[in-house]
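So the structure is just underneath, and the comments pick up after that.
Both counts, for ligands and for their atoms, begin at 1 and track the order of listing. Every heavy atom of this structure was used, including side-chain atoms; hydrogens, water molecules and symmetry mates were not.
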Amino acid sequence: MLFWGLPWVLRLLPLVTANSYSGAQKTVAPSLSSWKALNSSVGGRLRTGVPLARPCFELADTAGATNQSECAAIRQGWSNSLFLVENFGAYMNTQWGSCQATSQSCLIHGINSSDPAPSDPPNICRQGSVPPYYIDVRDASDVQKALAFSKNTGIPLVVKNTGHDYLGRSSAPGALALWTHNLKAISYHAAFVPSGCPVSRAKPGVTMGAGVIINDAVAFAEQHNITLVLGAETSVGPSGGWVMGGGHGALANTQGLGADRVLEFKLVTPTGQLLVANECQHTDLFWALRGGGGGTFGVVLESTALAAPRLTLQVAFAAFSRNNTNATRGLYEVVAENSVSWAQQGFGGYIEPYQALYVTPTLNSTATAVTMKPLFDYVASLAPKDPGVQFFSVELPSYGAFHEAFLAGSGATVGENAAIASRLIPTANFANASSRATLVDALMETLAHVTFDLTLIATTPFNVPDDGTTSVTPAWRNSIWHAVAEGGWDGAAPRAQEKVAYSGISAAADFLRAITPGGGAYQNEADVHEPNHETSFWGPNYPRLLQIKKKYDPDNILTCWHCVGYNPADPRFACYI
Ligand SMILES: Cc1cc2nc3c(=O)[nH]c(=O)nc-3n(C[C@H](O)[C@H](O)[C@H](O)COP(=O)(O)OP(=O)(O)OC[C@H]3O[C@@H](n4cnc5c(N)ncnc54)[C@H](O)[C@@H]3O)c2cc1C
Ligand SMILES: *[C@@H]1O[C@H](CO)[C@@H](O)[C@H](O)[C@H]1NC(C)=O
Ligand SMILES: *[C@@H]1O[C@H](CO)[C@@H](O)[C@H](O)[C@H]1NC(C)=O
Ligand SMILES: *[C@@H]1O[C@H](CO)[C@@H](O)[C@H](O)[C@H]1NC(C)=O
Ligand SMILES: *[C@@H]1O[C@H](CO)[C@@H](O)[C@H](O)[C@H]1NC(C)=O
Ligand SMILES: *[C@@H]1O[C@H](CO)[C@@H](O)[C@H](O)[C@H]1NC(C)=O
Ligand SMILES: *[C@@H]1O[C@H](CO)[C@@H](O)[C@H](O)[C@H]1NC(C)=O
Ligand SMILES: *[C@@H]1O[C@H](CO)[C@@H](O)[C@H](O)[C@H]1NC(C)=O
Ligand SMILES: *[C@@H]1O[C@H](CO)[C@@H](O)[C@H](O)[C@H]1NC(C)=O
């Protein structure tokens, strides 16, 4: 309990004002006794939020202590998302634990995590954007207590699940966080009836606590001989920000986005009501939660996703050496020429500048080999000069087998400062030889301006029409790719360089924006400074989303960067640059 008396606590709990639509509400910092009261009201599960690398630093103005054995484990796990996700004080893109506006951070070296220099004196570990307090959420009451505390004290709230968010929406300076990580329950219902719906609406469903991660969900689906649509990265939260923001995955083409497949959410609304939202009750909220974004309409405790039977999958893979950069343009040409047919044939996948991975549940192996022949012929033509060429197709018995073989080991880029910018690329850009040439030129220009990577993510819900039940931008439905450009910068770089990294990646995406007028972007994997973000993320759905936001959160208690109803003056955004 010594912690309560330490001076850093006082520095980190600034006088903040609660943001509201109707004007700022002046508040004073809560007293120690009110924090203690909050702690006992949540069963002693109020914790101090400590930046992950704290044990590696001798000097710090945060809670926590120097500890060599903990530091060794942190250095080892720094680039492993499955390690990071277990730690409240960790963020996948490390700048979101820092305060970029004041250059306060607590980072070790992103590329070489064994380098002791960044944590050696005189460097000091600083709190940055890591919330100084969090509640290890176990039930609705924890959330209700936090909402009431925030309303009474003005301490801003933030919801953190896995810390994957590319827009920094799961951290905030001086905030109280709700950590949903330990809501791990998962169950299968062969005939799930959404609460309040007639029994005739029963469908197979999997109910997942908000803290479930993709690897858990894949394993669970395998055990139950069923299929779930899930994202590629092992530790993204399929019942958290992923699904509320849209949720793409390799099977989304034929099965729909995560948001398409939700049968029900259980949540606490910003005014503290525990509700169930589905097609039979609170239907406006249900629609908003299916694509309107996380951290906005309430704190989700669990969601239920439609389960499909186990699917036999056909996979095609083609690659050449990464350094054979001369071959990239040809790869783009062959995928651009064939992508509309492949999308019609149910293929989803991931295209890097040196490889393409596709998967479909709708063709047989013979038809897959035939349709992928142009891709295979292209990489085969490189083989005489490039020993790294490989290509094959294979039948796999389930999505779990596909995830295990092609995704689980691929190693996401985490543990570094990184920024992305993206664009949905519509079918019109694939219409004829001249529009495809323009597209390939734009891809090459984009690629020339990224420092990490350009990924063409063929995971749009191409064969799942917009039936008006979700609030994602309709741009998803007629798109072939979600193209993501990514750049990074050194953790020790000065602030001016960080700004250059953001504007640079945004400029890279401008080549794609220029050829997709009126198009959109995926809010969960977007430019932090997305131009016209309301239209880009939600298209014509934005006005209704804003109405629903105001109805359920009149005081804007829950808010996040570029989320529905966001106010740039909110103290939660003080660290953005
Ligand atoms: C390496 C990497 C790979 C990725 N791969 C994919 C992919 O294959 N497909 C895809 O679609 N996306 C992918 N993403 C993007 C991912 O969907 C977003 O980062 C998403 O925001 C993650 O949600 P989360 O809950 O896991 O993360 P968090 O950062 O913890 O939360 C994200 C947002 O959701 C809110 N939130 C989380 N849980 C709740 C809750 N229970 N109630 C209310 N609000 C909540 C948070 O407040 C925050 O605003 C990837 C991201 C990374 C970094
Ligand atoms: C909250 O109470 C528990 C149990 O008494 C204690 O272990 C914990 O340290 C307290 N939290 C904070 C932030 O002091
Ligand atoms: C360092 O951390 C380890 C693991 O958490 C713990 O067992 C050990 O007691 C700590 N060492 C010191 C000196 O605090
Ligand atoms: C990483 O840092 C350590 C310690 O400074 C150094 O010995 C090692 O050579 C570095 N490795 C790389 C790949 O730079
Ligand atoms: C798994 O599901 C598939 C597809 O529905 C079915 O054909 C198969 O019999 C099931 N296997 C088991 C062991 O239940
Ligand atoms: C790529 O790297 C390999 C292995 O280092 C090398 O043999 C080859 O010449 C390189 N190819 C190109 C195109 O640079
Ligand atoms: C790549 O292309 C450039 C320009 O056409 C050419 O000069 C170079 O030799 C090529 N490199 C390889 C490895 O083919
Ligand atoms: C594979 O699918 C094609 C196209 O639908 C069909 O013509 C063919 O008969 C199928 N082959 C097998 C072995 O089922
Ligand atoms: C090619 O497609 C583009 C975009 O759909 C269209 O504007 C253009 O007129 C087409 N050109 C030809 C030659 O058909």
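By the ring pair (Phe, Tyr, Trp, His ring centres under 6.0 Å) test, Tyr91 pairs with no residue at all, sequence neighbours left out.
The side chain of Ser69, and not its backbone, has at least one atom closer than 4.0 Å to an atom of ligand 3 (non-hydrogen atoms only; side chain from C-beta on).
Ring geometry for His248 versus Trp476: interplanar angle of 30 to 60°, hence tilted.
Among protein heavy atoms, the minimum distance from atom 5 (O) of ligand 5 is reached at Pro309 CB, 3.7 Å. The shortest contact between atom 11 (N) of ligand 5 and any protein heavy atom is with Asn225 ND2, 2.8 Å. Among protein heavy atoms, the minimum distance from atom 4 (C) of ligand 5 is reached at Arg310 O, 3.9 Å. Looking from atom 6 (C) of ligand 3 to the surrounding protein, the closest heavy atom is Asn67 ND2, 4.1 Å.
The environment of CD in Glu404 is sparse: at most 12 heavy-atom neighbours from other residues, nucleotides or ligands sit within 6.0 Å.
Here the rule is ring pair (Phe, Tyr, Trp, His ring centres under 6.0 Å) with Phe317, and of Tyr358, Phe392, Tyr350 only Phe392 fits it. The residue from Asn123, Leu52, Thr94 that alone fulfils the side chain to side chain contact (heavy atoms under 4.5 Å, CB included) condition with Leu107 is Thr94.
Proximity of atom 9 (O) of ligand 5 to the protein is not indicated, since no non-hydrogen protein atom lies closer than 4.0 angstrom. Within the 4.0 angstrom cut-off, atom 14 (O) of ligand 3 has one or more protein heavy-atom neighbours.
Residues Phe406 and Val359 have side chains not in contact (no heavy-atom distance under 4.5 Å, counting atoms from C-beta outward).
Atoms of ligand 9 lying under 4.0 Å from any heavy atom of Ala428, numbered from 1 in the order shown and given with element: 4 (C), 5 (O). Which parts of ligand 9 touch Asn432 is read off a 4.0 Å heavy-atom cut-off, strictly below it: atoms 1 (C), 2 (O), 3 (C), 8 (C), 10 (C), 11 (N), 12 (C), 14 (O). Atoms of ligand 9 found under 4.0 Å from any heavy atom of Ala431, numbered from 1 in the order shown, are 2 (O), 5 (O).
For an aromatic pair to be called close, the ring centres must be under 6.0 Å apart, and Trp342 with Phe462 fails this.
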